[in-house]
Q: 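First the structure, then my questions, so here it is.
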Amino acid sequence: MAAGSLDLPVVDLASPDLKSAAEAVRKACVDSGFFYVTNHGIQDELLAAVFAESKKFFELPLEEKMLLQRNSGHRGYTAPYDEKLDASSEFQGDLKESFYIGSVGDVDMPNDPNQWPPKERFPSWKNTMKLYHATALAASKRIISLIALSLDLDAEFFPNIGAFDCPSPVIRLLHYPGEVNESDNGNYGASAHSDYGMLTLLATDGTPGLQICREKDKRPQLWEDVRHIEGTLIVNIGDLLERWTNCIYRSTLHRVVTVGKERYSAAYFLDPNPDLVVQCLESCCCEAYPPRFPPIKAGDYLKERLSTTYK
């Protein structure tokens, strides 16, 4: 069941009024787990370059893209139907195709799981993605600081516990088809899921399709459109932040529906240090509201979720 568009808060990352910004973030994380940010520091020219590289790659023949098929380190290309985010879906898999890119160092690492399109055809790809990683990480840290303040914690709480010591950020370039085969009627570009990690920043080409369900246990489920606002990024919190906050902050179900037009987006997933133990924050539990989840290493949780997605 679909409803109208949702009015989500818009948080200005350049605002000097940190108290008001943190309050807006808290309201968003309690109500829906989604909000927009402006003045995020990612230039329009860089976003345009990311989308240009993405479109150029996804326009390649499938056999060429499959030469960079996703490896055991979850880097590279995933073809349509290779991923099934909603295990209850009757379809083989989701309609989207995607490309995973992990962080990029200043020098080539011998065990780097990243896969790169051929340099002679994509000369700017690696530097573009490296710059996007750096600027998206900087924006994410500013948002995480506001989230800490919204929980009455020190602004540097998450860096201080080691969340950003060797974090595991990933860019995921996404392409959703415009035309859908009759056999795929009712299938989704991305079926219903929550994000697994700490925080997601989403840039889109403006094409609609993203929907969220704030009450996943209600029947029928009510799905609301997340509209595009020029100059903003869409932010949502992931499962690890939900665990940290004992479900006070929501990792919300979302999906992408087909709208008869191709759609491109770039998701930046910020996952903390894989060895960091995620456990309920003291301020988010009490005797009457004990922790709902046992402590778990961030990396172990992510491996568990990914293994379910790619059975």
Side-chain angles (χ1 to χ4, degrees), residues 29 32-35 70-76 78 82-89 93-94 96 98-103 113-114 133 136-137 140-141 143-144 147 158 161-164 166-174 188-203 210-214 216 226 233-256 265-281 284 291-311:
C29 291
S32 67
F34 275 74
F35 54 98
R70 182 182 55 86
N71 58 26
S72 60
H74 295 286
R75 302 290 184 267
T78 58
D82 275 3
E83 183 183 74
K84 187 173 181 175
L85 290 170
D86 181 358
S88 68
S89 171
D94 298 345
K96 67 183 179 304
S98 66
F99 198 98
Y100 288 93
I101 307 159
S103 55
N114 278 317
H133 258 292
L137 178 60
S140 298
K141 286 181 175 180
I143 296 165
I144 290 293
I147 287 173
F158 288 103
I161 64 171
F164 302 141
C166 300
S168 304
V170 173
I171 296 168
R172 190 174 189 195
L173 307 175
L174 292 141
Y188 293 96
S191 52
H193 64 287
S194 61
D195 290 345
Y196 310 153
M198 191 175 188
L199 190 78
T200 303
L201 303 187
L202 183 71
L210 177 63
Q211 297 180 330
I212 71 171
C213 174
R214 290 186 282 174
K216 61 185 177 184
V226 177
L233 297 175
I234 299 166
V235 179
N236 65 282
I237 65 169
D239 296 347
L240 290 180
L241 256 177
E242 183 176 75
R243 292 175 75 102
W244 255 312
T245 62
N246 214 21
C247 294
I248 293 172
Y249 286 6
R250 297 198 213 184
S251 180
T252 304
L253 273 185
H254 50 287
R255 68 187 185 187
V256 176
S265 64
Y268 178 84
F269 300 105
L270 178 61
D271 300 330
N273 182 322
D275 291 324
L276 182 69
V277 175
V278 176
Q279 55 190 340
C280 182
L281 297 168
C284 295
R292 299 177 65 170
F293 308 102
I296 189 170
K297 282 187 177 181
D300 291 343
Y301 179 79
L302 293 169
K303 281 180 190 172
E304 181 185 311
R305 291 299 305 271
L306 285 167
S307 67
T308 304
T309 302
Y310 294 104
K311 277 183 178 177

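Values in this document were obtained by computation on a predicted structure and should not be read as measured data. All heavy atoms count here, side chains included; hydrogens, waters and symmetry mates do not. For this chain, numbers begin at 1 and follow the sequence in order.
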Q: So, do Leu202 and Val226 sit near enough that their side-chain heavy atoms are less than 4.5 Å apart?
A: no

Q: Show me the side-chain donor-acceptor pairs of residues 293-303 shorter than 3.5 Å, one per line, residues at least two apart or across chains.
A:
from, atom 1, to, atom 2, distance (Å)
Tyr301, OH, Asp239, OD2, 2.8
Tyr301, OH, Arg305, NH1, 2.9

Q: Let me confirm one number: the OG-CD distance from Ser191 to Glu83, rounded to the nearest 0.5 Å.
A: 7.5 Å

Q: For the atom pair CG (Asp271) and CG (Leu199), what is the distance rounded to the nearest 0.5 Å?
A: 9.5 Å

Q: Should Phe35 and Ile143 count as side-chain neighbours, where that means a heavy-atom distance under 4.5 Å?
A: yes

Q: Is the shortest side-chain heavy-atom distance between Gln279 and Pro291 below 4.5 Å?
A: no

Q: Answer whether the closest heavy-atom distance between the side chains of Cys284 and Trp244 falls below 4.5 Å.
A: no

Q: Using atom types as modelled and distance alone, determine if a side-chain donor or acceptor of Asp195 lies under 3.5 Å from a backbone N or O of Gly197.
A: no

Q: Main chain of His193, side chain of His254: is a donor-acceptor contact present, judged purely on distance under 3.5 Å?
A: yes

Q: Tell me, do Pro167 and Phe158 make a side-chain contact under 4.5 Å, heavy atoms counted?
A: no

Q: So does Gly73 get a backbone contact from the side chain of Asn71, meaning a donor-acceptor N/O pair under 3.5 Å?
A: yes

Q: Looking at every non-hydrogen atom in both residues, tell me the closest pair between Met198 and Ala163 and how far apart they are.
A: CE-CB, 4.4 Å

Q: Are the side chains of Leu281 and Asn246 in touch, meaning some heavy atoms are under 4.5 Å apart?
A: no

Q: For a quick test of reading the model, state the closest non-hydrogen atom pair linking Ile212 to Ser32 and the distance between them.
A: CD1-CB, 4.1 Å

Q: Shortest non-hydrogen contact from Leu201 to Ser140?
A: CD1-OG, 3.4 Å

Q: Identify, with sequence neighbours excluded, every residue that meets side-chain contact (heavy atoms from CB on, under 4.5 Å) alongside Cys213.
A: Gln221, Trp223, Leu253

Q: Give, for atom CG of Asn114 and atom OH of Tyr100, the distance between the pair rounded to the nearest 0.5 Å.
A: 13.0 Å

Q: Check step by step if side chain to side chain donor-acceptor pair (under 3.5 Å) holds for Arg172 and Ser98.
A: CA-CA 7 Å; Arg172 190 174 189 195; Ser98 66; 2.9 Å; yes

Q: Side chains of Leu173 and Ile101: closer than 4.5 Å at any heavy-atom pair?
A: yes

Q: Shortest non-hydrogen contact from Cys247 to Arg292?
A: CB-NH1, 3.5 Å

Q: Taking all non-hydrogen atoms of both residues into account, name the closest pair between Ala190 and Asp94 and its distance.
A: CA-OD2, 3.8 Å

Q: Below 4.5 Å, heavy atoms only, C-beta onward: do Val170 and Arg75 meet side chain to side chain?
A: yes

Q: Let me confirm one number: the CZ-OG distance from Arg250 to Ser194, rounded to the nearest 0.5 Å.
A: 13.0 Å

Q: Of the non-hydrogen atoms in Ser168 and Pro274, which two are nearest, and what is the gap between them?
A: OG-CD, 3.5 Å

Q: Can you tell me how far OG1 of Thr252 sits from CZ of Arg214, rounded to the nearest 0.5 angstrom?
A: 9.0 Å

Q: Only counting residues at least two apart or in another chain, list the ones meeting side-chain contact (heavy atoms from CB on, under 4.5 Å) with Ala203.
A: Leu47, Phe51, Tyr132, Leu233

Q: Is the number of heavy atoms from other residues, nucleotides or ligands under 6.0 Å of Tyr188 OH greater than 12?
A: no

Q: What distance do Asn273 atom CG and Phe164 atom CZ have between them, rounded to the nearest 0.5 Å?
A: 11.0 Å

